[in-house]
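Encoded as structure tokens, the structure appears first; notes follow it.
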Amino acid sequence: MKKLDVMLAEKMLGIDAVKFQPTAPFLWGTGWYSPIYIDNLAALSNTQVRNFVKTELSSLIIEQFGDADVIAAVATGAIAHGVLVADNLGLPFVYVRPRPKDHGLENQIEGGLKPGAKAVILESTVYTGANSARAAHAIEDAGGQVLGMVSMFNYDFQMAAKTLKKARLRSVSVGNFETLMRVAQAKGGLSDADMALLAEWHSDPEGWASANQGQIVD
């Protein structure tokens, strides 16, 4: 049987959710330029892929964090996946903003988080790990317990690993960057030169754009 990361990679490539643009890179919310963009939200529009993601995220939570009381999604990208997973597991759902609202009830955590509740953080895509770490701190500050984090996809940047380790946040993911690139190359979507460029970018995503300005078309 194929591993989960291979299966997810095949499904995401199959719905054209992976875009590779080395000379017209994407600007991420982190402020980094990237030659690749993985649209995890595209999975929501395909029933087969959506059900696969929902099922496998749920299975990871059961296997790794079986005594969870609540699913806590990181706003905003993981909210839809979080609702699906919480419903599938029959658990309460909350979502965590990067910071408290400046109006209304000024909540950072939306939904009812009971004191002492054991929360599993759910993230769509792990970039720097900062959003997940902030969510963990917010849950703990609100009196909850954080068991760990599950994600649909993790870029496996060194920065993220350090951030999550510092936050003492155990993380598991369905998909990862290395497997996705390997599957893409096997399917003929990436050349050896493409793979070399992606490896260079992955080793220093923050500095890649300035080092490759001649390749970037505005």
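Since the structure is predicted, the reported quantities are computational estimates derived from the model, not experimental observations. The chain is numbered in sequence order, starting from 1.
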Task: Test salt bridge (Lys or Arg N to Asp or Glu O under 4.0 Å) applied to K19 - qualifying residues, sequence neighbours left out - done: D16

- [ ] Could you tell me whether the side chain of Y95 reaches within less than 4.5 Å of the side chain of V83, counting heavy atoms only?
- [x] no

Task: M152 and E56, any side-chain heavy atoms less than 4.5 Å apart - done: no

Task: Closest heavy-atom pair and its distance - V49, K11 - done: CG2-CB, 4.0 Å

Open item on the list: Would you compute the distance between atom CD of Q64 and atom OG of S171 and round it to the nearest 0.5 angstrom?
Closed with: 10.0 Å

Open item on the list: So F93 and I79, do their side chains get closer than 4.5 Å, heavy atoms only?
Closed with: yes

Task: side chain to side chain contact (heavy atoms under 4.5 Å, CB included) assessment of F177 paired with L198 - done: CA-CA 10 Å; F177 178 77; L198 285 164; 4.2 Å; yes

Open item on the list: Counting C-beta onward and ignoring hydrogens, is there a side-chain heavy-atom pair between L4 and L8 closer than 4.5 Å?
Closed with: no

Open item on the list: Hydrophobic cluster membership, with links at side-chain heavy-atom distances under 4.5 Å among I/L/V/M/F/W/Y: are L147 and V94 in one?
Closed with: no

Open item on the list: Are L89 and V174 linked, directly or through intermediate hydrophobic residues, by side-chain heavy-atom contacts shorter than 4.5 Å (ILVMFWY only)?
Closed with: yes

Atom pairs and distances, side-chain donor-acceptor, residues 66-76, under 3.5 Å, sequence neighbours left out:
from: D67; atom 1: OD2; to: K118; atom 2: NZ; distance (Å): 3.2
from: D69; atom 1: OD2; to: K118; atom 2: N; distance (Å): 2.9

Task: Verify same cluster id: V150, I62 (apolar side-chain graph, 4.5 Å) - done: yes

Open item on the list: When you group the ILVMFWY residues by side-chain heavy-atom contacts below 4.5 Å and let the links chain together, are L60 and L91 in the same group?
Closed with: yes

Open item on the list: Looking at every heavy atom in both Q108 and P98, which two are closest together, and how far apart are they?
Closed with: NE2-O, 3.3 Å

Task: Derivation and outcome, side chain to side chain contact (heavy atoms under 4.5 Å, CB included), residues L44 and L84 - done: CA-CA 10 Å; L44 297 170; L84 290 169; 4.0 Å; yes

Task: Any residue meeting salt bridge (Lys or Arg N to Asp or Glu O under 4.0 Å) with E10, in chain and number order, not counting sequence neighbours - done: K2

Task: Atom pair CZ (F52) and CG (N46), whose distance is rounded to the nearest 0.5 Å - done: 12.0 Å

TODO: Quick one: closest heavy-atom pair of V96 and A138, and the distance?
DONE: CG1-CB, 3.9 Å

Task: Contact check, side chains of E110 and R97, non-hydrogen atoms, under 4.5 Å - done: yes

Open item on the list: Looking at every heavy atom in both W208 and P25, which two are closest together, and how far apart are they?
Closed with: CZ3-CB, 3.9 Å

TODO: Using salt bridge (Lys or Arg N to Asp or Glu O under 4.0 Å) as the criterion, list what pairs up with D192, not counting sequence neighbours.
DONE: none

Tell me which donor-acceptor pairs under 3.5 Å the side chains of residues 122-132 have, and how far apart each pair is, sequence neighbours excluded?
from: T125; atom 1: OG1; to: N40; atom 2: ND2; distance (Å): 2.6
from: T128; atom 1: OG1; to: A130; atom 2: N; distance (Å): 3.1
from: N131; atom 1: OD1; to: R134; atom 2: NH2; distance (Å): 2.4

Task: Distance, nearest 0.5 Å, that separates CD1 of I36 from CG of D194 - done: 9.5 Å

TODO: Looking only at non-hydrogen atoms, find the nearest pair between S58 and N88 and report the distance.
DONE: OG-ND2, 2.9 Å

Open item on the list: Taking side chain to side chain donor-acceptor pair (under 3.5 Å) as the cut-off, I'd like each qualifying pair that reaches into residues 137-161, sequence neighbours left out, listed once.
Closed with: S151-S173

Task: Spacing of S34 atom OG and H202 atom NE2 [to the nearest 0.5 Å] - done: 10.0 Å

TODO: State, yes or no, whether a side-chain contact exists between F65 and R170 at a heavy-atom distance under 4.5 Å.
DONE: yes

- [ ] Flag yes if M181 and F20 sit in one hydrophobic cluster, no otherwise; membership is Ile, Leu, Val, Met, Phe, Trp, Tyr, and two members link when side-chain heavy atoms are under 4.5 Å apart.
- [x] yes

TODO: Would you give the length of the straight line joining atom CG of N176 to atom CZ of R182, rounded to the nearest 0.5 angstrom?
DONE: 8.0 Å

Task: CG-CG distance between L13 and L180, expressed to the nearest 0.5 angstrom - done: 5.5 Å

Task: Which atom of Q185 lies closest to which atom of L190, heavy atoms considered - done: CG-O, 3.3 Å

Open item on the list: Within the structure provided, determine whether F26 and W32 are in side-chain contact (heavy-atom separation under 4.5 Å).
Closed with: no

TODO: Run the numbers on W201 and W28 for ring-ring contact (aromatic ring centres under 6.0 Å, His included), then give the verdict.
DONE: CA-CA 14 Å; W201 164 78; W28 283 0; 5.6 Å; yes

